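What you are looking at is a predicted structure, and each value in this text was computed from that prediction instead of being measured. All heavy atoms count here, side chains included; hydrogens, waters and symmetry mates do not.
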Amino acid sequence: MLDEKMISIIILTNGQEGRLGNCIDNIISQDYPNKELVIVSSNSSDTLSKYEENSMIKIYIRPELSRSEARDFSLNKVNGEYIFFINPLDVLMNDKVLSNICKDMEENNSNFLAMLSLKLKDGFFHYLEGEDDVEVITDSNSWFYFFKHHEMRTLDGKLFKKELLYNLNIHVTSEQKFVNYLIHNSTNPVFDKRGRGEYVWFEEEGRKPVEFNRDEIPLPDHLKDIELSIDERIDDVVNIAICVDDNYCQHIAPMIFSIDKNTQERVDIYLIYYKLNASSFEGIARLNEVLTNVKIKLRKVREYQYKWLSQFKENTLPTEAYFRLLLPELVPEAKRIIYLDIDMLILSDIGKLYRIDLDNNILGVVRDYPFTENKGSWSYMLLGENGNRYFNSGMLLMDLELMRKNKVVERFTQFILETSKFYLLGDQDAFNTFFFYKVKLLEDKYNYIVENQKILQNSNPETVIKHYCGYSDSKPWKIHPGISSYILPSIWLYRKYQRQANKVIFNRPKVLLIVHETEDLGKEVVTAESIDYQNYGNYEVALLPAKGNSHADAIKAYYHQINIIKNKEELEQIAADADYLYFMKEASYFKDWDSLSNLVETAMEKNADYVMTSHQRFSVKDDAFYLPNESGDVVDISDRKLEDLIVEKPKLFSRNEGYLFSTEILKESNISLDMPDMIQSSRIFNGAKRKYLHDKSFWIEIDYEN
């Protein structure tokens, strides 16, 4: 048992520290029975003289020794099988700490233990860690422990077996190197967080944690032993991989459509999935039918592979984010592949990227410019001076053959298992730290992040891949009424591809949105933006200008698909070309990016010529949303009278907006689009034959008064 073995506690001091006596008394009071205390001081002092008669304590005054020399001197004076260092400014939390950490070491069959420290400042304890456990330090994660935990960078709070010193180069001056040596030569080294830190680190004026020295503890080259490829052949077809689930499948059409439109050679796109519903498979099949140069292939992640990847739960990323790790196995016929995130557009031939010489590197990547241009960003915190090499993992040109040959997948996944708790940006940090020495940096045009346009205040005219990520959260399927004007054109471009793709894929009826302008430009911009971000492929917009202070021309300058209606005849002409009409008034706006699609889908499924919808109300006065008590059901109201519905649901049926209706009603019921609202809405309702209420919020009413 460990309690039968001696522990030698070492204090390196100048003899003048104000809490030196507290530190010594704290060690003396420890209930671990078999211990000695070795003190090496650069000066004698009254404090030290008080302990000269204590047989457990050996005091050496050596003013000529540097700190590293004093450390080496003390190690030659100890008799214990185990050694523990403590700083003269610090103490242990209670008299059982030495016994506790010895027990932790024994239970983990370890001969090295580092302790989490608990900061004491201004009389208060500061708990920095939420965990309360003993963690194993490995070759893969030891660098991260030095990077994250200042406790790792000194000998203070380290318990280790004396046998680790037998092969040590005793002239190592750096404590970080010294601790690193101990870790890499120990058995099952551990980081002890029990009690969320039982080593009390006193913060006082002038005392700061030791900085991480990257020169002494460089980022390891985890792939230094790989065998390089000698086969320089590249596949005849461009291979692309996209990882999807049911949510992502809603957004793949614009990117795949842009690849097909802008790449002349053959492209095989592998959709990597685990489970998809029937609707997703139907959408993929429809998309595949309209593509010219692109062929979509499905590759399913097996149950055992999914369970394997599901172990990566130290961060908030979905398991699907890690599917790309399996590409060497899932696409065995490909020599290389381009992995792409779904939030991208491909604006020119992607074949040039595919054939770039990787110079025997495993990955071709592009710097994550919003990080690399800012020396205060995460990339520099993680990689130091090499922060300018931090890359965005949304586009990866991968040498699959080299990965298979060197079993990189197995090595990388084990690395992630051991290090993921240290990440800020999930698997992107994993790619950057694991492949750091085996990446080729490519031109920005191959993964041009739209956030760059805000930073640089311009776009890159040679962009091949435009990536809709960054701090602005520039996803085109979100509403962006106030986003940077430098980013907006890129968002509009994506939505244009989206509408074109969906129009070809689904061949849905044409909808005319009739918008009544207010005299407030800000209100109308929100309405126009909510229309623009709709994923429905076949619609037009008719803007009826306000009679007073109109901003119609300013709105059209931003949203080019809007038609400004000058007279009744022009409105009737454009309406005659539509299958359905939908009124929007008083700065109301669509709630979700697929509101219009779902509304038309309801009309088609029910063969309805009139569909009323529920809505939410936003009170400007209260600055709050008011949500209806909606069921989500689609209810047949064909036999209901309008006056009864107005009494039952006045907020819906007394309005002349928020409903979709067939243009056939106009023709058959002699309804004019310039009629007063109440007359118009009642005639439309009474002229419809197949009427439904979709009791779900499709749009939002802005209430400026109540």
Side-chain angles (χ1 to χ4, degrees), residues 2 82-86 90 92-94 96-119 125-161 164 175-201 209-210 212 217 219-220 222 308-317 322 381-382 411-427 429-430 433-434:
L2 266 176
Y82 286 83
I83 299 169
F84 181 77
F85 278 84
I86 185 169
D90 302 329
L92 302 179
M93 177 65 84
N94 55 62
K96 296 179 175 56
V97 172
L98 278 183
S99 298
N100 290 341
I101 62 175
C102 287
K103 182 181 178 182
D104 290 341
M105 179 182 276
E106 183 181 46
E107 289 178 348
N108 286 277
N109 191 28
S110 174
N111 57 4
F112 175 91
L113 179 145
M115 297 180 68
L116 178 72
S117 67
L118 177 60
K119 185 170 70 173
F125 288 113
H126 297 261
Y127 291 89
L128 301 179
E129 293 286 336
E131 306 102 292
D132 188 2
D133 202 357
V134 178
E135 301 173 348
V136 177
I137 304 172
T138 68
D139 288 343
S140 292
N141 67 27
S142 63
W143 182 88
F144 287 92
Y145 276 102
F146 279 98
F147 163 69
K148 181 178 180 181
H149 295 286
H150 72 90
E151 298 94 334
M152 292 293 295
R153 303 167 198 162
T154 70
L155 277 168
D156 304 330
K158 309 298 183 296
L159 174 68
F160 57 92
K161 204 167 185 180
L164 293 178
E175 285 199 20
Q176 292 189 50
K177 281 188 175 182
F178 195 101
V179 175
N180 194 44
Y181 163 83
L182 294 176
I183 290 172
H184 287 285
N185 286 276
S186 61
T187 302
N188 301 325
V190 293
F191 189 67
D192 198 330
K193 294 182 175 180
R194 293 285 175 88
R196 292 197 295 173
E198 293 185 319
Y199 184 102
V200 181
W201 192 88
V210 176
F212 179 36
I217 314 292
L219 185 68
H222 299 283
W308 187 30
L309 295 179
S310 296
Q311 299 176 82
F312 307 149
K313 288 302 181 184
E314 294 289 348
N315 52 60
T316 58
L317 282 178
Y322 292 101
M381 294 179 193
L382 180 66
R411 296 164 71 169
F412 190 27
T413 50
Q414 184 61 36
F415 173 82
I416 294 175
L417 279 174
E418 296 177 10
T419 62
S420 59
K421 64 172 141 310
F422 298 101
Y423 304 157
L424 177 66
L425 299 177
D427 64 330
D429 289 343
T433 50
F434 184 81

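Judged purely by atom type and a 3.5 angstrom limit, N185 has no side-chain atom pairing as donor or acceptor with the backbone of L164. Remark: the backbone N or O of H222 is paired with a side-chain donor or acceptor of R411 at under 3.5 angstrom. Panel note: side chain K158, backbone E151; a donor-acceptor pair is recorded below 3.5 Å. A distance-only check finds a donor-acceptor pair linking the side chain of N188 to the backbone of N109 [under 3.5 Å]. With hydrogens and angles disregarded, no donor-acceptor distance shorter than 3.5 Å links the side chain of N111 to the backbone of S186.
M152 has its side chain out of reach of S142: every pair of non-hydrogen atoms, C-beta onward, lies at least 4.5 Å apart. For the pair V200 and M93, the minimum side-chain heavy-atom distance is below 4.5 Å. Using a 4.5 Å cut-off on side-chain heavy atoms (C-beta onward), T154 and V179 make no contact. The shortest distance between side-chain heavy atoms of E198 and M115 falls below 4.5 Å. Under the 4.5 Å side-chain criterion, counting only non-hydrogen atoms from C-beta, L92 is in contact with F84. Taking the side chain as every heavy atom from C-beta outward, V210 and Q176 approach each other to under 4.5 Å. N141 has its side chain out of reach of E135: every pair of non-hydrogen atoms, C-beta onward, lies at least 4.5 Å apart. Y199 is not listed as a side-chain neighbour of V97, based on a closest heavy-atom distance of 4.5 Å or more.
With sequence neighbours excluded, the residues satisfying side-chain hydrogen bond (donor to acceptor under 3.5 Å, both in side chains) with T419 are Y423. Not counting sequence neighbours, T413 has no partner by the side-chain hydrogen bond (donor to acceptor under 3.5 Å, both in side chains) test. E175 is linked by a salt bridge (charged side-chain N to carboxylate O under 4.0 Å, His left out) to R67, counting only residues two or more places apart in sequence or in another chain.
With rounding to the nearest 0.5 Å, the separation of CD1 in I101 from CG in L113 is 5.5 Å. Here the CZ-CZ distance, from F112 to F191, works out to 9.5 Å after rounding to the nearest 0.5 Å. Residue L382 holds its CG atom at 7.5 Å from CG of L219, rounded to the nearest 0.5 Å. With rounding to the nearest 0.5 Å, the separation of OG in S310 from OH in Y322 is 11.0 Å. We find the CD-CG distance between Q414 and L417 to be 5.5 Å, quoted to the nearest 0.5 Å. Taking CZ of R194 as the start and NZ of K103 as the end, the distance is 8.0 Å to the nearest 0.5 Å.
A pairwise comparison of heavy atoms in V136 and Y145 identifies O-OH, 4.1 Å as the closest pair. Scanning both residues, D139 and H184, for their nearest heavy atoms gives OD1-ND1, 3.1 Å. When every heavy atom of L155 is checked against every heavy atom of F85, the shortest pair comes out as O-CB, 3.1 Å. Closest approach of P189 to S110, counting heavy atoms only: CA-OG, 3.7 Å.
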Stepwise side-chain contact (heavy atoms from CB on, under 4.5 Å) test for F422 and T433: CA-CA 11 Å; F422 298 101; T433 50; over 6 Å; no

Steps toward side-chain contact (heavy atoms from CB on, under 4.5 Å) verdict (L159, L98): CA-CA 9 Å; L159 174 68; L98 278 183; 5.6 Å; no

Full working for side-chain contact (heavy atoms from CB on, under 4.5 Å) between V190 and M105: CA-CA 8 Å; V190 293; M105 179 182 276; 5.6 Å; no

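Classification of the F144-F147 ring pair by plane angle, with boundaries at 30° and 60°, yields perpendicular.
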